[in-house]
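Structure first, commentary second.
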Amino acid sequence: MTAREVNFDGLVGPTHNYGGLSFGNKASSGNAKADANPRLAAHQGIAKMRSLLDAGLIQGVLPPHSRPHGPTLDALGFGREPVAAVERLRSTAPELAPQVSSASAMWAANAATVAPSTDTVDGRVHLTAANLVANTNRSIEGQQTATTLRAIFANDAHFAVHEPLPATLAFGDEGAANHSRLANDHGEPGTHVFVYGRRADEPFNTTDGFPRRQTLQASEAVGRLHGIDADRQRFVRQSAIAIDAGAFHNDVVAVVNERVVLCHQDAYEAAELGSEPSIERVAQFVAGWSANTSVVPIVVGRDEVSLDEAVDSYLFNSQLITRPDGTMVVIAPSEAIETLATRAALDRITADGGNPIASVESFDLRQSMRNGGGPACLRLRVVLNDAERAALSGRVLVDHELLDELSEWVDRHYRSSITPTDLLDPVLADESMRALDELTSILALGSIYPFQV
Ligand code: SUG
């Protein structure tokens, strides 16, 4: 049985907007209240999926969440029916509109943490929906994520979908954006590297005031829930300087694929690294994570790419993927090619015969990037064997026909401009529900949204 990595990309939702909701995420703060183009954003995402499909990868899709979010509006006293609730919100609390209308579920790397069946005690694929408690707009994603994942990974002979961890900062969990899996090959048993920002008993913010979203205790809970052997788990602290520079998730400063760890010199903090870790020491540290994997560390030094350049270009938020011929490709955001230092780093890495990275492809994902979401943020990686792929429910593994249908669906339903004021338009709420209702038929998912039940 061949296990292959499936990248499930989050489809951008019809209310994609720039709410400026994410403190510590430079792009989100910098683009607050700008005009967004949901239609273009969705097409940019679909173009990336199409290209990976064409490269011979298995590509999946996850539907957007319904926004504005009826259950949250209801819990806040506006009533559950989104159109009427937005009318009330408009006249009494317009400032809440971005929180309940954010399309942030598009960043599927934050949807869940996943363990393939080779790594779990019961031989099933385990998925834990992330609670994303650090940000209000994201804290309302967990339940829908669990519902959507249950609709897709419904076959409980093969899959176990766990509820989000208790919704408290002590168990702040941001999903796969702070988790990597090391293995010589996707199909072999792997080592799970959980990266956290703080222990639950430490302050939420760094000394410079930036949020440390993921706790060690949350990561440990996910490892326990998934039934991974203790010697196949590593817990590593993200460096405070990376968080302060805008790396609000580990996937802004590191990316792992099979044996390869591509990271910034200043990504991690550990006693053995000291306060001034050399590139060699970081390489050694990373290589020590797994006794079962011949780790290939590729450490990009701060003299080559500064943390600011890494965060602004999202170099490390590239997807690192294995092509069917075994070579690896960096799926980079255009910004990483347009920035001199990161471009040079990519040239160096691809020219170096000592690692499997053969080429770089870049994508214009600017609509998502302006909210701090690059190629890697947009996808959830799930390693599945043939039987598990066959056991998926719904029409979620894409082919050209489905991508064409999704493209046409976007053109039929999405606006090409959304400003903060538009979020107070009840017509947008109605449009959004109609679009998603139709989408559940296209994807054969049944009723998954609160407005459908
Ligand atoms: O959680 N931005 C998201 C971006 C998530 C990117 N994901 C990964 N790095 N894996 C966040 O900060 C901004 C929403 C707004 O401002 O409208 C937002 O939620």
Side-chain angles (χ1 to χ4, degrees), residues 10-19 21-22 36 38 41-42 61-108 110-112 129-152 161 163-164 166-167 371 394 409-410 412-415 418-453:
L11 195 56
V12 177
T15 60
H16 162 61
N17 74 95
Y18 300 118
L21 303 175
S22 186
V61 65
L62 293 175
H65 291 194
S66 72
R67 295 290 181 270
H69 190 230
T72 304
L73 287 162
D74 194 27
L76 296 175
F78 297 105
R80 190 182 174 83
E81 199 293 302
V83 174
V86 168
E87 297 272 15
R88 282 185 214 112
L89 182 108
R90 177 165 60 178
S91 51
T92 56
E95 73 283 1
L96 298 181
Q99 304 284 10
V100 296
S101 299
S102 171
S104 49
M106 71 170 90
W107 298 301
N110 304 118
N131 63 24
L132 298 167
V133 282
N135 292 39
T136 306
N137 66 307
R138 308 223 59 188
S139 67
I140 60 178
E141 293 176 29
Q143 284 308 325
Q144 179 66 60
T145 300
T147 302
T148 304
L149 293 179
R150 280 218 175 90
I152 297 170
V161 176
E163 286 295 299
N371 250 340
W409 169 82
V410 166
R412 268 200 311 282
H413 292 284
Y414 280 45
R415 298 187 182 187
I418 289 194
T419 62
T421 340
D422 294 323
L423 302 176
L424 296 164
D425 177 4
V427 177
L428 178 65
D430 188 53
E431 280 169 20
S432 176
M433 283 188 287
R434 281 173 200 279
L436 296 191
D437 198 38
E438 196 182 315
L439 181 67
T440 50
S441 302
I442 297 175
L443 299 180
L445 285 175
S447 296
I448 55 167
Y449 295 118
F451 68 82
Q452 292 177 312
V453 289

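Count residues from 1 along the sequence.
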Review point. Within the distance-only criterion (no hydrogens, no angle test), does the side chain of N135 pair as donor or acceptor with the backbone N or O of N137 below 3.5 angstrom?
Key: no

**Study point:** Atom pair CD1/OG1 of I448 and T147 - distance to nearest 0.5 Å
**Key:** 8.0 Å

Check your understanding: Taking the six-membered ring for Trp, are H413 and W409 parallel (under 30°), tilted (30 to 60°) or perpendicular (over 60°)?
Key -> tilted

Review point. Is the backbone of L96 close enough, under 3.5 Å, to the side chain of Q99 for a donor and an acceptor to pair up by distance?
Key: no

Check your understanding: Can you tell me if S66 and Q144 form a side-chain donor-acceptor pair at under 3.5 Å?
Key -> no

Check your understanding: For T440, does its backbone N or O pair with a side-chain atom of Y449 as donor and acceptor, under 3.5 Å?
Key -> no

Check your understanding: Checking N371 side chain against N17 main chain: does a donor-acceptor pair fall under 3.5 Å?
Key -> yes

Check your understanding: Does a side-chain N-to-carboxylate-O contact under 4.0 Å join R90 and E87?
Key -> yes

Review point. Looking only at atom types and distance, does a side-chain atom of T15 sit under 3.5 Å from a main-chain N or O of S101, one as donor and one as acceptor?
Key: yes

Exercise for review: Report yes or no: does R80 contribute a side-chain atom to a donor-acceptor pair with the main-chain N or O of D74 at less than 3.5 Å?
Suggested key: no

Exercise for review: State whether the side chain of N131 and the backbone N or O of P166 hold a donor-acceptor pair below 3.5 Å, judged by distance alone.
Suggested key: yes

Practice item. Let me know which of L423, V100, L428, L424 forms a side-chain contact (heavy atoms from CB on, under 4.5 Å) with P68. Key: V100

Check your understanding: Under 3.5 Å, side chain of R88 to main-chain N/O of F78, donor-acceptor pair present?
Key -> yes

